[in-house]
Amino acid sequence: MNKYESVMIVTPTMNDKQQKEIENKYTKLINENGKVESFENLGKKKLAYEIRKYKEGFYMTFNFESEASFISELERQYRIDDDVIKFIVVRRED
């Protein structure tokens, strides 16, 4: 199993409950295919440039372990989720 870090930016119009639902959704998905080591909600931040007409977004970070084959499925889930406006998944060297 490899270690990964995933940062996603979700729409700034979400309330606390909706943010928690997003966190739980992706924590569950990752845990089904690996193990979440940590999660951090970095809060609302100004974007460097406008994305889908949003100037701000909530940043969320997952550190997790999984097989390399799972990453394409995780990215597919991010792409079809309307609340996720930007994301990146990188492999960590530990």
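The basis for the numbers below is simple: all heavy atoms, side chains too, and nothing from hydrogens, waters or symmetry mates.
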Inset, instruction - Looking only at non-hydrogen atoms, find the nearest pair between Ile22 and Met8 and report the distance. - result: CG2-CE, 3.5 Å
Inset, instruction - Could you list all the ring-ring contact (aromatic ring centres under 6.0 Å, His included) pairs where at least one residue sits in residues 16-44, not counting sequence neighbours? - result: Tyr26-Tyr78, Phe39-Phe62
Inset, instruction - Drop me the distance from Asn63's CG to Lys3's NZ, to the nearest 0.5 angstrom. - result: 9.0 Å
Legend entry - For the student: nearest non-hydrogen atoms of Thr61 and Val7, plus distance: OG1-CG2, 4.0 Å
Inset, instruction - Identify which one of Met14, Glu21, Gln19 satisfies the side chain to side chain contact (heavy atoms under 4.5 Å, CB included) criterion when paired with Lys17. - result: Glu21
Inset, instruction - Identify, with sequence neighbours excluded, every residue that meets ring-ring contact (aromatic ring centres under 6.0 Å, His included) alongside Phe70. - result: none
Legend entry - Beyond-backbone contact of Arg79 with Phe87, side-chain heavy atoms, under 4.5 angstrom: yes
Legend entry - From CG (Asp83) to OG1 (Thr13), nearest 0.5 Å: 7.0 Å
Legend entry - Sub-4.5 Å side-chain heavy-atom contact between Ile85 and Leu47: yes
Legend entry - Connected-component partners of Ile80 among ILVMFWY, side-chain separation under 4.5 Å: none
Inset, instruction - Determine whether more than 12 heavy atoms belonging to other residues, nucleotides or ligands lie under 6.0 Å from atom NZ of Lys55. - result: no
Legend entry - Gap between atom CD of Gln18 and atom OG1 of Thr11 - 0.5 Å precision: 7.0 Å
Legend entry - Heavy-atom side-chain contact between Asp81 and Lys25 under 4.5 Å: yes
Inset, instruction - Measure the CE-CG distance between Met60 and Leu42 for me, rounded to the nearest 0.5 Å. - result: 9.5 Å
Legend entry - Minimum side-chain heavy-atom gap Met1-Glu67 below 4.5 Å: yes
Legend entry - Within-4.5 Å side-chain heavy-atom neighbours: Phe64 and Glu37: no
Inset, instruction - Please answer: with hydrophobic residues joined when any side-chain heavy atoms are less than 4.5 Å apart, are Val36 and Tyr59 in the same cluster? - result: no
Legend entry - Taking every non-hydrogen atom, the tightest pair across Lys86 and Tyr49: CE-OH, 3.6 Å
Inset, instruction - Report whether Ile88 and Ile71 are members of the same hydrophobic cluster (ILVMFWY, side-chain heavy atoms less than 4.5 Å apart, transitive linking). - result: no
Inset, instruction - Report yes or no: does Glu75 contribute a side-chain atom to a donor-acceptor pair with the main-chain N or O of Ser72 at less than 3.5 Å? - result: no
Inset, instruction - With rounding to the nearest 0.5 Å, note down the distance linking CG in Asn2 to CZ in Arg92. - result: 11.0 Å
Legend entry - Closest contact, heavy atoms only, Ser66 versus Asn33: CB-O, 3.6 Å
Inset, instruction - Indicate yes or no: at least one non-hydrogen side-chain atom of Asn41 is less than 4.5 angstrom from one of Glu23. - result: no
Legend entry - Test item: Val10 and Tyr54 side chains (from C-beta on) under 4.5 Å apart, heavy atoms: no
Inset, instruction - Group every Ile, Leu, Val, Met, Phe, Trp and Tyr by side-chain heavy-atom contacts under 4.5 Å, then state whether Val90 and Ile9 land in the same group. - result: yes
